[in-house]
Amino acid sequence: MDILNDLLVGPELLWLLLALCIRFVIKWSGAPSEKLDAWWIRLTYLLPPLGVSLTFGLYYCPLVDQRWLLFRIWASCLVGGNYVLSRALRAHSEQGPGVGTAYIMGMSLMFVALVIGSLILMIRQF
């Protein structure tokens, strides 16, 4: 049961929940509309820091196994963030160069937030 607990609780579960939330909002909003376009673009700038900070918060959760957690955080943030951002930006009504730029900026913010979070974590361990 301990192995199952280690596999279920972690950063992967967090990004799965974020992906399900985005999926729910897409289904709720229906067809892509211009009313939500600004929200989808804003989400690409808010989601990376929010998702990474929630994921690094798992270091303080007693249910999460600490071994390999930093690697799991990096892998799940890069894969999960890629999926969530691309899924969210597909709901944008106009698929032009602005959407691609927002995706690149979102993934860049994800990488910068991961580096900053890792540095803070390494400094706190000393």
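Residues take their numbers from the sequence shown, with the count starting at 1.
Nearest approach of Gln66 to Cys61, heavy atoms of both residues: NE2-O, 4.1 Å. Residues Pro11 and Leu58 come closest through the heavy atom pair N-CD1, 3.3 Å.
Distance CZ/Arg87 to CG/Leu20: 10.5 Å, rounded to 0.5 Å. Annotation: the span from Ile116 atom CD1 to Leu121 atom CG amounts to 13.5 Å, rounded to 0.5 Å. The line from CG of Leu85 to OH of Tyr103 is 7.0 Å long, rounded to the nearest 0.5 Å. The CG atom of Leu69 sits 6.0 Å away from atom CZ of Arg72, with the distance rounded to the nearest 0.5 Å. How far OG of Ser118 is from CD1 of Ile73: 7.5 Å, rounded to the nearest 0.5 Å. Here Cys77 contributes atom SG and Leu18 contributes atom CG; the two are 9.5 Å apart, rounded to the nearest 0.5 Å.
Hydrophobic clustering, with ILVMFWY side chains joined whenever heavy atoms are under 4.5 angstrom apart, keeps Leu78 apart from Leu16. Note on Leu17: it does not cluster hydrophobically with Met110, by side-chain heavy-atom contacts below 4.5 Å among ILVMFWY residues. Under a hydrophobic-cluster definition in which Ile, Leu, Val, Met, Phe, Trp and Tyr are linked whenever side-chain heavy atoms come within less than 4.5 Å, directly or via other members, Trp74 and Val112 are assigned to different clusters. Cluster annotation: Val79 and Leu14 are assigned to distinct hydrophobic clusters (Ile/Leu/Val/Met/Phe/Trp/Tyr, side-chain heavy-atom contacts under 4.5 Å, transitive). Linking ILVMFWY residues whenever their side-chain heavy atoms come closer than 4.5 Å, directly or via other members, places Leu119 and Phe111 in the same cluster.
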Only distances under 3.5 Å count here; give the side-chain donor-acceptor pairs of residues 46-57 to other protein atoms, sequence neighbours excluded, each with its distance to 0.1 Å.
from, atom 1, to, atom 2, distance (Å)
Ser53, OG, Pro49, O, 2.9
Ser53, OG, Leu50, O, 2.9
Thr55, OG1, Trp15, NE1, 3.3
Thr55, OG1, Gly51, O, 2.5

Kindly determine whether Trp40 and Ile26 satisfy side chain to side chain contact (heavy atoms under 4.5 Å, CB included), including the steps that lead there.
CA-CA 10 Å; Trp40 292 119; Ile26 290 171; 3.6 Å; yes
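Checked by atom type and distance alone, the side chain of Tyr59 pairs as donor or acceptor with a backbone atom of Leu70 at under 3.5 Å.
Side-chain contact between Lys27 and Phe24 is absent, with no heavy atoms from C-beta onward closer than 4.5 Å. For the pair Ile41 and Leu89, the minimum side-chain heavy-atom distance is below 4.5 Å.
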